[in-house]
Amino acid sequence: MSAVKTDIIEVHICTGTAGVASGAFEVMDAFNEVFKSKNVPAIVKERECKVKKTGCRGLCERDVLVDIYLPGEEVATYEHVTPDKVQTIVDEHIGGGEPVKKWAAKKSYYDFYKLQKRYVLKDCGVVDPEDIDDYIQLGGYEAITKVVKEMSPEDVIEEVKKANLRGRGGGGFPSGLKWTFCRKSPGNHKYLVCNADEGDPGAFMDRSIIEGNPHDVIEGMLIAAYAIGCNEGYIYLRAEYPLAIARVKKALKVAEERGYLGDNILGTEFSFKLHLKEGAGAFVCGEETALLASIEGERGMPRPRPPFPAVKGLWQKPTNVNNVETYANLPMIIKNGSEWYSNIGTEKSKGTKIFALSGKVKSTGLVEVPMGITVRELIYDVGGGIPKKRKFKAVQMGGPSGGCLPEDLLDTPIDYDSLIAAGAMMGSGGVVVMDETNCMVNIAKFFLTFTQRESCGKCIPCRVGTKTMLDILERISEGNGREGDIELLESLAEDIRVSSLCGLGQTAPNPVLTTIRYFRDEYEAHIYDQKCPARECSELIEFVVKDERCKKCGICKKVCPVDAITWEKGQVAYIDKETCVKCRECIVNCPFNAID
Amino acid sequence: MAENAVAEEIDLSKIDKICEKYKGKKGSTIPVLQAVQEEYGYLSKEMLERMGDVLNVSPHELYGVLTFYAQFYTSPRGKYVIRVCRGTACHVKGSGRISEVVKEEFGIGNGETTDDYGFTLEEVSCIGACGMAPVIMVNDKTHGNLTPEKSREIFREYAKKLKEEE
Ligand SMILES: Cc1cc2nc3c(=O)[nH]c(=O)nc-3n(C[C@H](O)[C@H](O)[C@H](O)COP(=O)(O)O)c2cc1C
Ligand code: SF4
Ligand code: SF4
Ligand code: FES
Ligand code: FES
């Protein structure tokens, strides 16, 4: 992260969701206390010591993360900081000029950022999300100032078209074109909506942006509102994100006080009122027409399109819906120009995309990479590869609507079109890496359980069809699969795809279809041999220690919660089947894969 | 039994004031339900009827909306609500076992509450802290990087706390 130019001493503390959960506020109190107590070496040379809250920077597993900025020096980062480490850091590093090596961020921390291109997230983790002046000092609200003072709405749309910005909410629809539809729709009351429902379970980039840099999203929305001609807007935010809600509320209030929102923005004719709407826990509300129904206070059921929201949206008025990350791209496009922007990425997919990298990779977290890098680079170079010396098996991209890619497709470049061709999709950017211990039938079952539960029930194929598919997957994973089940899944999938109203139903079968496409043998092993090769489906595991593979280490005995394992030094372990509850702890923890 | 006892003691008069604030405003159904639930912790039939009176809408309409969304509850919940994340990142890192530990410790499954209203289990999808998977939340506190055994210790701590508070 960039160095700070000031000559004061700054301590930046991550107060994102994971930071707070790991004790960021306690760490912050500790710094403040040490600084307050007089005669601390920290007040060196009469310099001011400032403790600053920052947002998520993506490597949440290492929270609480703390950056120390000393005048004229490169920023130094500490990982896993706890309050008891603070006095030492202040004494030795800030006071004595000697970083405390044992707690300093390791090489893997810097590797994590090396291949990234942090443009949208540039100030996430640097700016104080609750301080508008900090945002302004970093160049915030310059873009909207330029827009309202120097550009016509048409100029702005033209610029966004030239930048070739495509929606980051999943579909990849060209934003400039969408705006044109809405701008051309007759009517003088138009709405602008920010989709911050972030339903994909395992993606958290929207949370991170909103929580870490809320004014960036507000500014992006202002630019779009000006270009389209919207005078009122909503941010529809998931209720599961309490911290993000609090920060948006605060940001909306000050932005209005400062004249960036409300009537006659920056002294011009342009007016825009912006409200926050909290979701109430329904995945389907991420679908734009359902989202609009929910804002209107109804059951969040998708509505047929056409009419598209651009023609008849919220309360029948023309409405433009974009995703959080889409809006967050706008200020930099305006500031740096479309030419600069379209140099990043590939021919058809411009700019960067933020991914939530999770599962079996060494560094899990939020990463922003230029479009066009390969899946392999994302997993191995940015994420550091697979931990515990295990073998890569598959990567699931695109969440519940997406698909799994196997090893031989790892060199697929990440752009909207190549991913679709390979059977996955960009989606909102969830990337789940799986190793040899993850069962493909199980992961398909997991996603389908999710979509089945979240189906709004309006379309019978979506409601009943997914349930039938789930029942089949369940019997396969319990060893009761029948001949013909795979084909049955495939034909049900096709029915659901073609006859569902919204994207939830249309894409729900994808995780099943791609796992069948690339891992058919694993399905067959479950059905015909009653075996789960990954040893994840507990009904199909024998829970026997194999003499020839057991290295007699005794780890399994320690982790078994019900004491079902007997082991003595130098002896092969033994599992008592009567006591065993099939929790799989021993399997997961045995370093030698010795339990079948 | 217990539910009736709870319902009888409740003073519903605060509903009027809350509802007045939202009355006649467009799109206010979900916010007003959220506000009343925030006050009482859940939404009973009696509450919906009273809301309907003030807002001039049918309680059925309110009921229809509330049943659609996962974040509305129709019965009282435990003092400690345990949210086990069942999102993808947490799933891949074994969150299924953590729900089982809740079951082992408190005897409750997803959506259930202990008889003494001490604990409620709620399985949720992604709470946005995937970097620390598997993750749970107990009321507003997030606990991450769990193992089944670590989670068991945490649950026992809360159980102890609950006893002390009584
Ligand atoms: C079931 C379903 C869930 C969706 N969830 C989200 C979501 O959580 N966030 C989002 O931005 N878009 C989501 N979308 C896509 C939206 O309908 C819409 O296309 C998007 O918000 C448009 O914004 P964009 O053009 O900026 O991508 C979802 C779509 C479907 C069918
Ligand atoms: S496809 Fe499923 S979620 Fe979408 S409208 Fe139909 S029933 Fe509802
Ligand atoms: S953990 Fe594996 S190798 Fe070690 S004693 Fe148990 S079965 Fe044997
Ligand atoms: S919340 Fe701290 S790095 Fe993500
Ligand atoms: S998947 Fe559990 S916090 Fe995101």
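Here is the naming used below: chain letters follow the sequence lines, and residue numbers restart at 1 for every chain.
- B/Lys93 touches chain A through its side chain: at least one heavy atom from C-beta onward sits under 4.5 Å away, while N, CA, C and O do not.
- Between B/Tyr80 atom OH and B/Glu165 atom CD the span is 3.5 Å, to the nearest 0.5 Å.
- Between B/Glu122 and B/Arg83 there is a salt bridge, since at least one side-chain N of the basic residue sits less than 4.0 Å from a carboxylate O of the acidic one.
- A distance-only check finds a donor-acceptor pair linking the side chain of B/Ser44 to the backbone of B/Met47 [under 3.5 Å].
- Side chains of A/Cys285 and B/Tyr69 form a contact here, defined as non-hydrogen atoms less than 4.5 Å apart.
- Along residues 142-158 of chain B, the residues that come nearer than 4.5 angstrom to chain A, judged on non-hydrogen atoms, are B/Thr142, B/Asn145, B/Pro148, B/Glu149, B/Arg152 in order of number.
- Heavy atoms of A/Ala203 lying under 4.5 Å from chain B belong exclusively to its backbone.
- With a 4.5 Å cut-off on non-hydrogen atoms, A/Glu278 touches chain B through its backbone and its side chain both.
- Not a single donor-acceptor pair under 3.5 Å links the side chain of B/Thr113 to the backbone N or O of B/Arg77.
- For A/Phe283, no part lies near chain B; criterion is any non-hydrogen pair under 4.5 Å.
- There is no side-chain donor-acceptor pair under 3.5 Å between A/Gln396 and B/Thr88.
- Heavy-atom distances place the backbone of A/Val433, and not its side chain, under 4.5 Å from chain B.
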Quick one: side chains of residues 439-446 of chain A, donor-acceptor pairs under 3.5 Å with protein atoms, not counting sequence neighbours, listed by atom name and distance.
| residue | atom | partner | partner atom | Å |
| --- | --- | --- | --- | --- |
| A/Asn442 | OD1 | B/His91 | NE2 | 3.1 |
| A/Lys445 | NZ | A/Ser477 | OG | 3.1 |

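- The backbone N or O of B/Gly78 sits less than 3.5 Å from a side-chain atom of B/Thr120, completing a donor-acceptor pair.
- For the pair A/Arg238 and A/Tyr241, the cation-pi criterion (under 6.0 Å, within 45° of the ring axis) is fulfilled.
- Without hydrogens or angle criteria, A/Lys277 side chain to B/Gly27 main chain gives a donor-acceptor distance under 3.5 Å.
- With chain A as the partner, the residue from B/Ala129, B/Ala133, B/Gly64 showing the most heavy-atom pairs under 4.5 Å is B/Gly64.
- Listed options B/Cys130, B/Gly128, B/Ala89, B/Ser125 were ranked by heavy-atom pairs under 4.5 angstrom with chain A; first place goes to B/Gly128.
- When the candidates A/Arg584, A/Lys360, A/Arg299 are compared by the number of heavy-atom contacts under 4.5 Å with chain B, A/Arg299 comes out ahead.
- Rounding to the nearest 0.5 angstrom, the gap separating the CD1 atom in B/Ile18 from the NZ atom in B/Lys23 is 15.0 Å.
- Between chain B and the options A/Pro561, A/Gly300, A/Ala282, the largest number of non-hydrogen pairs under 4.5 Å is found for A/Gly300.
- Neither the backbone nor the side chain of A/Glu211 comes within contact range of chain B; no heavy atoms are under 4.5 Å apart.
- Ranked by heavy-atom pairs under 4.5 Å with chain A, the list B/Gln71, B/Glu61, B/Gln34 is led by B/Gln71.
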CA sep, side-chain torsions, deciding dist, call: A/Arg463, A/Ser455, side chain to side chain donor-acceptor pair (under 3.5 Å): CA-CA 6 Å; A/Arg463 187 182 66 218; A/Ser455 162; over 6 Å; no
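- A/Thr437 does not touch chain B: none of its heavy atoms, backbone or side chain, sits under 4.5 Å away.
- The choice from A/Ala18, A/Ser22, A/Cys60 that makes the most heavy-atom pairs within less than 4.5 Å of chain B is A/Ala18.
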